[in-house]
Amino acid sequence: MSSVNATAISYTPTDIANQMMGNINTQQSLQASLEEQLSSGTQINSPSDNPAGAASVLRLSSSIARATQYQANATDGLGWLSLGDSTMNSIVSTLQSVQQSAESITGTALTGGSVALHAVAAQITGASQQLLSLANTTYNGQAIFAGTGNVTQAYDANGNYVGGGSAPTRTVGPGTQVPIAVTGTAVFGTGSTGLLGPGGALAQLVSDINTGTPASLEAATTTDLTAVNTALTQVETQAGTLGSSYQQMQAFSLQATATSTALQTQMSGTDGTNVAQVSTELTQAQQTYQSGLWAISQLQQDSLVQYLQ
Amino acid sequence: MGNMALTIASSGIDAQQAAMDTVAENLANANTPGYIQESPTLEAAGSFNELGAGAGVTTLGATQAVDGLLLVNNQQAVGALAQTSSLQQVLQTVQSAFPVSTSSGTASDLSAFWQSWDAVAQNPSSASDRTQVVDAAQNVATDLAASSTQIATSQANAQTQLGSLAATDNGLLSQVASLNTQIVVAQGSGSSPNALVDQQNQIMDQLAQDLGAVGTAQPNGTINVSVGGVKVVTGNTAATLSVAGTPGSLSLTTQTGTTVPATAGTAAGILAAVNQYLPAYQTQLDTVANNLATTVNTQLAAGYTATGATGQALFEGTGAANLTINTAVATNPQLLAASATATAATNNGANAQAMANLFDAASGPDQSYQSFIQNMGSQIAGVTSQVQTQTSVANAAQENLQAVSGVNSTNQEVLMLNYQQAYQASAQVISTVDTMIQSLLQAV
């Protein structure tokens with residue numbers, strides 16, 4: 001009863017009935033709103049429930065979706081990087097075997113002659129084929145050393161680089177991009193200074209060993225071996241780059257998870273129903289509603305007419 | 001002298017009888033809308049004799065407890081409440097098309113659209129990921145069109161409601177005019193126009209609620225009715241209202257083409273919704289659609305396809321209702337410009353990634369949508385709180401009016417006792433005078 005204290009006014013039964021009905025309706029709509037909050041689990045179901053809250057629910061929701069996407073991007077990037085890392089290890093060990101073979105030819109030439117030399121050359125050719133296949137390693141159908149220029153392969157069968165562009169990146173935070181690979185040219189070099197392909201260091205080494213002259217064997221163990229050593233250093237440097245990218249990616253992945261958790265907490269603070277509070281309010285509303293009904297049942301029971309019988 | 005007492009007592013019985021009639025009438029109409037409490041008008045009759053006590057009581061009729069100010073206050077309060085309530089009803093219907101949900105609706109589909117670009121960025125050559133982008137874009141366009149349709153439907157429904165309101169009120173206006181005629185006739189023939197006034201009163205309450213109509217009492221007992229200063233009932237002539245114009249410039253006009261500026265009542269609420277609120281929402285929704293098209297198409301134009309061709313637009317058309325997907329891109333999603341460079345573009349997803357990062361672009365579609373939702377929510381919350389305030393005001397006005405014009409049954413019962421006792425006393429006077437005359441006759 002909003003203004004019962006204004007006793008000067010004469011209240012007609014119609015007035016009192018209207019007031020009571022109005023109060024009952026108010027309690028009912030309050031109950032309905034509280035029940036909606038409890039059943040939906042959210043405080044804000046229509047924009048007008050809390051206009052600023054509604055906008056921040058939408059904003060938080062889109063930020064959470066983005067944080068989740070950053071996590072997904074990081075997971076994808078970590079897949080690329082760990083495959084890149086293990087591929088690099090294989091490349092290093094293959095190159096080390098080439099190194100050993102090349103260093104062994106001085107003794108081989110003296111004891112086994114040209115047959116033994118050809119065997120060493122064949123060994124190195126095999127290693128070269130293995131390197132080519134490692135260079136064409138794919139993740140999820142995408143060649144990891146091809147940059148952005150080629151989907152399926154980084155090198156053709158002859159060892160020529162067919163990729164292009166720079167290494168792909170993944171976005172793992174607002175404005176933060178981490179490279180998820182290195183390009184074939186960065187790992188293996190190109191042309192005569194490179195490792196693979198016609199005219200590359202390995203092809204030169206094989207050709208010098210096969211030639212078998214003292215001068216060519218001299219070149220094989222000095223110039224050519226130095227080139228292989230240089231290439232190995234370059235591969236190891238790139239492996240280090242991938243390793244640091246991996247660590248960076250892992251850190252950002254954790255950060256994205258933390259961000260997502262913080263946003264979820266904020267969201268449930270903004271939109272989540274405080275069950276304890278709403279349940280208490282609902283109980284109060286139900287009690288008020290029942291008192292209202294009781295008051296109506298008492299309405300004008302004491303009429304003057306009763307005393308006039 | 002004895003004769004005089006009998007005459008006086010007889011007039012007393014008549015007067016109490018008439019007074020009892022008003023009690024009966026009041027109690028019978030205790031719950032009749034528009035009914036105004038009556039009370040008997042009694043007057044001591046003048047004496048014809050210098051020594052006489054008087055000539056009893058004259059019954060002049062039944063007077064209505066009218067308080068013009070309270071009546072007008074109540075009608076204004078009812079009109080103002082009806083205005084905001086009807087506005088609230090229309091806006092609530094529109095609002096139901098924009099639930100605040102994190103799992104469905106335009107905002108969530110926009111998120112899904114931006115995320116579909118991440119998939120393309122990760123695997124630019126994947127045909128299925130590109131198709132996902134087209135599908136997600138189609139979802140957003142469909143959402144926007146559906147929301148726009150919902151607003152347009154609410155607008156059309158409100159317009160229909162206004163039309164039927166005008167039709168109903170035309171009937172009421174002509175009733176007021178006809179009652180005006182009857183009141184003049186009743187007064188001319190000397191009978192009481194009270195019942196006619198009660199009826200007119202009830203109709204005026206309805207007209208105040210519908211149109212914010214204001215009645216002006218005339219000296220001859222009739223009322224003239226005006227809406228926003230335009231007379232719609234003058235004496236026995238009533239205007240015929242109709243709805244003119246299109247949403248945005250909808251109005252009520254009389255048969256002569258005069259605009260009736262409803263500033264209160266249900267009609268004013270509907271007009272505000274149809275002419276101001278809903279067009280504004282439509283415009284804001286269009287802004288979201290246009291921002292989406294501009295943001296996405298601009299980013300695409302900055303990129304290249306896998307073959308190095310410049311990117312094509314994904315969205316076509318302007319406005320929420322007309323946003324469509326470029327058919328060429330829909331049939332061949334390879335035309336989506338995922339690459340940031342023209343060369344080495346085959347497996348380049350950098351532009352797709354840049355697109356995905358636009359999810360929170362300043363004045364991008366997401367932000368426009370959020371501010372639209374906030375703006376609509378604030379307006380509806382404001383209207384809802386106005387409805388609450390005006391309900392209290394209307395209740396108070398109703399209480400004040402009822403206190404004067406309403407029937408308080410307890411009061412009537414007390415009056416009934418009064419009248420009953422006076423009636424019995426007058427009857428006792430007659431009986432006593434009779435006894436007096438009897439005793440005189442016996443003595444003679």
Side-chain angles (χ1 to χ4, degrees), chain A residues 2-3 6 9-15 18-19 22 42 44-66 68-69 72-73 76 140-143 146-151 163-166 168-171 174-175 177 267 271 300 303-305 308, chain B residues 30-31 92 95-96 98-100 102 107-108 110-112 114-115 118 121-126 339 341 343-350 353 356-357 359-360 366 369-371 373-381 384 391-392 395-396 398-400 402-403 406-411 413-414 417:
Chain A
S2 49
S3 54
I9 282 187
S10 137
Y11 281 92
T12 68
T14 313
D15 262 348
N18 284 345
Q19 274 185 8
T42 51
I44 303 169
N45 293 293
S46 298
S48 67
D49 290 347
N50 178 351
S56 58
V57 164
L58 296 182
R59 201 158 34 241
L60 283 171
S61 166
S62 111
S63 298
I64 289 171
R66 193 93 291 258
T68 313
Q69 187 61 50
N73 290 354
D76 182 66
N140 197 15
Q142 300 174 70
T148 60
N150 200 313
V151 182
S166 50
T169 59
R170 288 290 174 265
T171 301
Q177 282 159 1
M267 173 75 119
D271 192 28
Q300 289 281 312
S303 167
L304 186 58
V305 178
L308 299 180
Chain B
N31 293 318
Q92 289 280 18
Q95 184 181 228
S96 65
F98 300 93
V100 181
T102 52
S108 139
L110 272 172
S111 276
W114 300 121
Q115 273 176 301
D118 282 286
Q122 286 178 12
N123 202 348
S125 61
S126 160
S339 172
T341 52
T343 53
T346 319
N347 205 29
N348 187 336
Q353 188 61 63
N357 293 344
F359 82 103
D360 63 349
D366 292 66
Y369 187 75
Q370 285 156 12
S371 59
I373 289 296
Q374 181 166 359
N375 176 34
M376 177 170 68
S378 309
Q379 284 186 341
I380 297 175
T384 305
T391 305
S392 309
N395 284 346
Q398 173 73 15
E399 275 164 20
N400 290 335
Q402 278 275 310
V407 178
N408 183 326
S409 43
T410 307
N411 289 357
E413 282 154 18
V414 172
L417 285 181

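Computed from heavy atoms alone, side chains included, the values below leave out hydrogens, waters and symmetry copies. In what follows, chains carry the letters A, B, and so on, assigned in the order in which the sequence lines appear, proteins first and then strands, with residues in each chain numbered from 1.
- Ranked by non-hydrogen atom pairs under 4.5 Å with chain B, the options N150(A), D49(A), N73(A) are led by N73(A).
- Smallest separation of non-hydrogen atoms from Q142(A) and Q122(B): NE2-O, 3.0 Å.
- For A107(B), the part sitting under 4.5 Å from any heavy atom of chain A is the side chain, from C-beta outward, and nothing else.
- Q353(B) touches chain A through its side chain: at least one heavy atom from C-beta onward sits under 4.5 Å away, while N, CA, C and O do not.
- Residues R59(A) and D366(B) are not in side-chain contact: their nearest non-hydrogen atoms beyond the backbone lie 4.5 Å or more apart.
- For the set N408(B), L110(B), D118(B), the entry with the most heavy-atom pairs within less than 4.5 Å of chain A is D118(B).
- Closest approach of A344(B) to T148(A), counting heavy atoms only: O-OG1, 2.7 Å.
- Proximity to chain A (any heavy atom under 4.5 Å) is shown, for S378(B), by both the backbone and the side chain.
- Using a distance-only test at 3.5 Å, with no hydrogens or angles considered, no donor-acceptor pair links the side chain of Q95(B) to the main chain of S46(A).
- Ranked by heavy-atom pairs under 4.5 Å with chain B, the first of G165(A), A52(A), S63(A), A143(A) is A52(A).
- In terms of non-hydrogen atom pairs under 4.5 Å with chain B, the most contact-rich of N45(A), N140(A), T42(A), V57(A) is N45(A).
- Residue contact with chain A, scored on non-hydrogen atoms closer than 4.5 Å, involves the backbone and the side chain of N123(B) alike.
- Shortest non-hydrogen contact noted between R66(A) and W114(B) is NH2-O, 4.2 Å.
- For N411(B), the part lying near chain A is the side chain, with the backbone staying farther off; criterion is any non-hydrogen pair under 4.5 Å.
- Between P47(A) and V100(B) the shortest heavy-atom distance is N-CG2, 3.6 Å.
- The CD atom of Q379(B) sits 11.5 Å away from atom OG of S48(A), with the distance rounded to the nearest 0.5 Å.
- The candidate from N50(A), L58(A), I44(A) with the greatest count of non-hydrogen atom pairs under 4.5 Å with chain B is L58(A).
- S111(B) touches chain A through its side chain: at least one heavy atom from C-beta onward sits under 4.5 Å away, while N, CA, C and O do not.
- Using a 3.5 Å distance cut-off with no hydrogens or angles, the side chains of N395(B) and N18(A) do not pair a donor with an acceptor.
- Scanning all heavy atoms of the two residues, the minimum distance from Q374(B) to A55(A) falls at OE1-CB, 3.3 Å.
- Highest contact tally toward chain A, considering only A30(B), S125(B), A350(B), is held by S125(B) [criterion: heavy-atom pairs under 4.5 Å].
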